[in-house]
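Take a look at the structure set out below.
Just so it is clear, the model here is predicted, and its values are computed rather than measured.
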2 protein chains.
Amino acid sequence: MEATGLSRPTVLTVCDELLRLGWVSEMESPSGLALRSGRPSRRFALNSAAGYVLGIDLGATKLQLCLSDLAGTIVAERAEQWRDEHLGAPERLLIARQATLEVLTQAGVEASSVMAAGMAVPAPVRPDGHAVALESYLPGLAALDLRLALRPDFDWPLIVDNDANLAVIAERWRGVAQDVDDVVVLLSGERLGAGICLGGQLIRGGGSAGEMRFLELVEGVGNTDAIGGMCRELGAVAAAETLAGERPWSAHDSELLRLCGGIPAAVDAEMVINAARKGDPAAYEVLEVVTERTARVIAVVATLLDPQMIVLSGGPAGAGDVLIPSLDEELDGLNSAHPRLAASILVGHAPLLGAVRVALDQAFASLLDLNPA
Amino acid sequence: MEATGLSRPTVLTVCDELLRLGWVSEMESPSGLALRSGRPSRRFALNSAAGYVLGIDLGATKLQLCLSDLAGTIVAERAEQWRDEHLGAPERLLIARQATLEVLTQAGVEASSVMAAGMAVPAPVRPDGHAVALESYLPGLAALDLRLALRPDFDWPLIVDNDANLAVIAERWRGVAQDVDDVVVLLSGERLGAGICLGGQLIRGGGSAGEMRFLELVEGVGNTDAIGGMCRELGAVAAAETLAGERPWSAHDSELLRLCGGIPAAVDAEMVINAARKGDPAAYEVLEVVTERTARVIAVVATLLDPQMIVLSGGPAGAGDVLIPSLDEELDGLNSAHPRLAASILVGHAPLLGAVRVALDQAFASLLDLNPA
DNA sequence: GCATTTATTAACGGCCTTTATATATTTCTC
DNA sequence: GAGAAATATATAAAGGCCGTTAATAAATGC
């Protein structure tokens, strides 16, 4: 009644109709929590088994799929590394279709029960379903109309979007940005991409909003793909500087030195993060090299768009406890005020969950088309 | 009928009601263009005299006001330089109220006929009506709730916004960005501000979206206020480089040299533009110094937001015929693809017209509240 | 006068509201 | 602890608003 502004009899009529059609089910025993006197109210819930949606994350390094019911509960999930990193897009889509079939059987769900699918790809997607050419990541992707990627095996409506765009949708749905209308997600993977949500709406521009190539123009940033692979970079920076003998920690006793077994060239990102967690000043010195560059990127985005929150997603999210204080400090130096930084809690599932969310939106939209109630 | 999806009898009923209430008037003689046979249709038009709105541009250097009828036709206008550039905000608002009274008498419109007012200020405005502190431009502005700026003289609803935000609204209403949903206006005045419209909606963020301070981080840009005063800068750059003897045109025969009467230090922006219009290569060399920096700013904005169009507004708009080809060339060097550049045709009235537009929106919105037809 | 187009009136119907009544449950009371 | 009162909801009925379609009237060109 509150949501629709309709009166109780009308709402009940609609609920009965939905019940008859099978879209909702009536809860049997509201007794447990019937604290008030009076005739108990009937309780309805979305009949989650009435339909399903599929989410796909066609990543650069791996494939993720999941099946969700209409309530958004994941009923089956599957992830696999690509056998060959240089696989072409058509081959990857073929593998995705095979994996889809397996997820369906695993969950015991008929293909006809799936109402829609969503797919994340690591490239900007134009409204016509074609990706903006980015051959380096997924060869042949731009040549396909991705909306047809599951045909002819499955004829569900398929919503395809940029992984960063779907990540921001996921963060607003089930992540750290719930109830935040102005938020930017920085998705770091093989590359760096931004998902921009302003005023509660996803910003797509001509399709490639949120691309980060431009940031090479920002002083002290350099190649943005290196920021994308922030974690990889942490190790590389540490190793390089160690070899050059520039940092004191290689010469002195430090947690970082202990973690790498005394072999500075073997330092990787995890070691840097772990050492920083123990408060090792040497690790923080390494961290600063990478966070300073990231902070400059954030400063540009934050000043231009003035969002309430910026979310770190992808690889670096797990190290948020270390990275965010460091980034905060760098940003304070660049900018008097900056938005709240947060680390994603969706552990690599953000684009996948975003794909589920847009598929659910599509499913509900098509229901409303049929049922103008 | 087309706009509302209602049937003819219903539309007629509503029109008659609006006629009775005085909001629309019936056209007397549609005879001139009654080319078809059959009973002639009745024609209605918004009764523009039914109400008025006021637009105010509280600029850094001057005050502009105009009175518009409900059709958006300007019925009276007024502009004046501030007597004292360092005048405080309360004093400026007092002057604005006096000028408002004069515009009303000039047009012969009662204060009670004004339904709403809009005001542009050269600073970000938060939703609570307070400007973000920017003392350097308008001392004391941030301390006031600007929504009350016309009280107690006039008790109209007053919509206050950033000049760049209102400029983008104006460009979409009556400027070069009509029917463009994704557009960024770069408003150059004393400072540089961006008005960002994406998906047909103005992007405000926490209030200060579109600020340009961050651009000092972009390589080769330097202080962004210098880009804001692009025209002033053109003269300064030319003069400085001339004095340093760095440019060939000071030593050789050129149109630019002729225009300044042989005194290079006297070169100003207008001379550079005029010489460039005649194809003077020396003038283009000076231009490039300024356009290269602006191009970098545009590249950052364009890549991050991917708009369909970027509009140059404010001072440089008049020199668009020279600046845009030059900027296009610089951008081609930075970026493979970039959005269409256009120069504003609103000759310094963009924020003012935007203020009128938001006031009209407010007026119509309040009408719909009263008249749920 | 006829065709054409629109205005105007009237009848009808859907959707939702309000009102009234019935029902299921808790709580009070003896 | 049984029955009455209180409470909250379900259900049915009546009514009204808003818009539709259909039918009729009116104004114009040919």
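A salt bridge (Lys or Arg N to Asp or Glu O under 4.0 Å) check over residues 150-159 of chain B, counting only residues at least two apart or in different chains, returns the pairs B:R97-B:D153. Note on residues 109-120 of chain B: no pairs pass salt bridge (Lys or Arg N to Asp or Glu O under 4.0 Å), not counting sequence neighbours.
Phosphate proximity of C:dT17 to A:T10: present, with a side-chain N or O under 4.0 Å from OP1 or OP2. The side chain of A:S37 contributes no N or O atom lying less than 4.0 Å from OP1 or OP2 of C:dT25.
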Restricting to nitrogen or oxygen on both sides, can you table the protein-nucleotides 8-12 of chain C pairs closer than 3.5 Å?
unit_1	atom_1	unit_2	atom_2	d
C:dT8	OP2	B:R42	NH1	2.7

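The interatomic distance linking B:L6 (CG) with D:dC17 (P) rounds to 18 Å, in whole Å. What separates CZ of A:R43 from P of D:dA8 is a distance of 14 Å, to the nearest Å.
Evaluation of the salt bridge (Lys or Arg N to Asp or Glu O under 4.0 Å) rule for B:E77 yields no partner, not counting sequence neighbours. Listed by chain and residue number, B:R172, B:Q308 satisfy the side chain to side chain contact (heavy atoms under 4.5 Å, CB included) test with B:D181 (two or more places apart in sequence, or in another chain). With sequence neighbours left out, A:A164 forms a side chain to side chain contact (heavy atoms under 4.5 Å, CB included) with A:N162, A:L187.
Residue whose closest nucleotide on DNA chain C sits further toward the 5' end, between A:G38 and A:G5: A:G5.
With salt bridges taken as basic N to acidic carboxylate O contacts below 4.0 Å, one links B:R42 and B:D16.
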